[in-house]
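Following: one structure in structure tokens, then a few remarks.
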Amino acid sequence: MDLSAINPVLLIASLMVAATPLLLAAVGELVVEKAGVLNLGVEGMMIVGAIAGFATAVESGSPLLGFVVAAIAGAALSTLFAILTQFAQANQVASGLSLTLFGLGLSALMGQSYVGIKPPQMQDIHFPLLSDLPVVGPILFTHDIILYFGIALTAAIWAVLKYSRVGLILRAVGENHDAAHALGYKVLRIRVLAILFGGACAGMGGAYISLIRVPQWTEGMTAGIGWIALALVVFASWKPWRVLLGAYLFGGVTVVQLNLQAAGVAIPVEYLAMSPYLITIVVLVILSADKSSAPAALGRNFHASR
Amino acid sequence: MKLTKLLTGAAMALGLATSAMAEDKTKVGFVYVGPVGDGGWTYEHDQGRKAVVAEFGDKVETVYVENVAEGPDAERVITQMALQGADLIFTTSFGYMDPTINVAKKFPNVKFEHATGYKRADNVSTYSARFYEGRAVQGTIAGHMTKSNIVGYIGSYPIPEVIRGINSAYLHAKKVNPDVTFKIVWAFTWFDPAKEADAAKVLIEQGADVILQHTDSTAPQAAAQAAGNVITFGQASDMAEYGPLPRVSSIIDNWAPYYIARTKAVMDGTWTSVDTWDGIGPGMVGIGEISDAVPAEVKAEALALKDAIANGSYHPFTGPINKQDGSAWLADGEIADDGTLAGMNFFVEGIEGDIPQ
């Protein structure tokens, strides 16, 4: 066993990278669920975002443009879900699942000619002075812009949901759509916008995997991160900061366990391999002891005539 | 009485229908553990399938299912294929072993071929390639090329095939570089690009400048490329798009000749249950072009080793070799028997860390 082989600075820096796709997808889904819609298609939207962003970045040479297109592609796919569930009144669970299956197939088709290509690299931001600080510099101030965007987005969603009128309306729609409708709010319009926002976030999360974390395109490369994002929202009791904590814990423990394995720590590998799931769940369950509950109208379709 | 008659009639009609179909077309099914676009393991199996189509044209019909999870899901998929009239089914991952055997019991007239397993039946063959021969070549190059003397190894599952590869690579790296150490990370997946990339990054951060992988995607290649000054080897497929650096060579699985031969055997009615385990010699394992990033004398040494293995004058597991705990395994000059190799569940002396049980 040789713990000195683990460089804590590099470790923390790489755990932030590992957590970001999960964070982006999860905060997007949080907004969707706060509006009372359960979209199980996160995985599908992520992978479509991954290939759309990758293809755009390769063709245009601009990773940033890749992220923009990934967000648009994720939102476009979620439009399908919005039409099915909000206008055609289809079952949300079934629609979400089919969205995932559709997204996986569509992305494989779109990605046929992009296997084995290297995408243009996203430059890390260099903050004057701050990036040169010892320890803190490499950990906090030498990342790509999307990583900071993910944290800023979490803060913004928290502030909007908690303090703004928009947030209040969104939550009202999610808690009791009939009452919100009676008050004159456009339930469907608000929900569709929330779904689009969630799709855009998931698309960006997917592109983060294909453009920065891996970086390459491979079929099925999200490999279940969308499902973990869905679970994370529930365990985080629909609270943005807890989603951030959960994502960092999950990403963190994933990277730490690989580090411990490589350093030859005498903990059975099976325990290490399950530790990200276990620790994240345990911490978030303990935190959610305050009985915060799901949005009351979660997963229920709304129709003005009922 | 009436019902039984009806049923037998239906069964006979069904039997006639299937045998009539079998006459014009042989249906061959493939079950894949990953997507065909993984650029590695599954990609090469699918190349084999395409070779079967190219060889027999209209006389065969092939079907495949990708991304089949190992376990109960596999049993469902294989059963489905057998029900749809497949005459020959290739199941291409270790974890399909028990599902394949279970389904084969229910369909005695369908032939099954299971890759990398060890359980056979009258209608179940097993086939695998001696990847450890390729690992010996990789280990030789890795031992010469590493400057930090740390070689990172991404393992999938702790099964004999993977352990054999680690042992073979280690023995041959050690032979040319006594100071070399292996850092092994178990990913517990065949295919998860994000996790594979993370594993490669972790190993590089801990000082490894050579990454060997036994997982299916090209993600570790991309991670090594981003890190710079790290060399890798293509796994299962050439992965030439990552050459000349980081990818300096590769192990290429070549299933096409075997798939064609077995399909032919079914057509001719000569199919019998066999256990095939071929290596570099018969061409089931190929060594990808060694790139110019490798010094000429190292390349020559690696190719000489490859030739010696191919013509049978050298076996990668030739004694003296001790097990990890120091107990003797092979005496001087003794060659490992296939049975021990097939069930290998121990590291050789010098490798640190335990195999997850």
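Residue numbers start from 1 in every chain, and the chains themselves are labelled A, B, ... in the order their sequence lines are given, proteins ahead of strands.
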Taking side chain as everything from C-beta outward and backbone as N, CA, C, O, which of these in [X] sits under 4.5 Å from a heavy atom of chain A? Side chain, backbone, both or neither.
X	value
B:Tyr153	neither
B:Glu66	side chain
B:Ile184	backbone
B:Ala197	side chain

Tell me if the [atom1] atom of [X] is crowded by more than 12 foreign heavy atoms within 6.0 Å.
X	atom1	answer
B:Asn322	CG	yes
A:Tyr148	OH	yes
B:Asp73	CG	yes
B:Leu245	CG	yes
B:Tyr43	OH	no

Inter-residue atom distance A:Gln261.CD - B:Phe188.CZ, 0.5 Å rounding: 7.0 Å

Reported OG1-to-CG distance for the pair A:Thr218 and B:Asp216, which is rounded to 0.5 angstrom: 11.0 Å

Give the minimum heavy-atom separation between [X] and [Y], together with the two atoms involved.
X	Y	value
A:Ile225	B:Ala194	CD1-CB, 4.4 Å
A:Pro215	B:Ala222	O-CB, 3.7 Å
A:Ala263	B:Lys183	CA-NZ, 4.3 Å
B:Gln206	A:Asn259	NE2-OD1, 2.6 Å

Whether B:Lys201 side chain and A:Arg213 backbone form a donor-acceptor pair below 3.5 Å: yes

Option that, when pairs with chain A are counted at under 4.5 Å, heavy atom only, ranks first among B:Val202, B:Thr189, B:Ile355, B:Asp192: B:Val202

Heavy-atom pairs under 4.5 Å with chain A, option from B:Gln225, B:Gln221, B:Met239 with the top count: B:Gln225

Toward chain B, the part of A:Gln257 with a non-hydrogen atom under 4.5 Å: side chain

Qualifying residue, where the test is side-chain contact (heavy atoms from CB on, under 4.5 Å) with A:Glu219 and the options are B:Ser217, B:Pro193, B:Pro35: B:Pro35

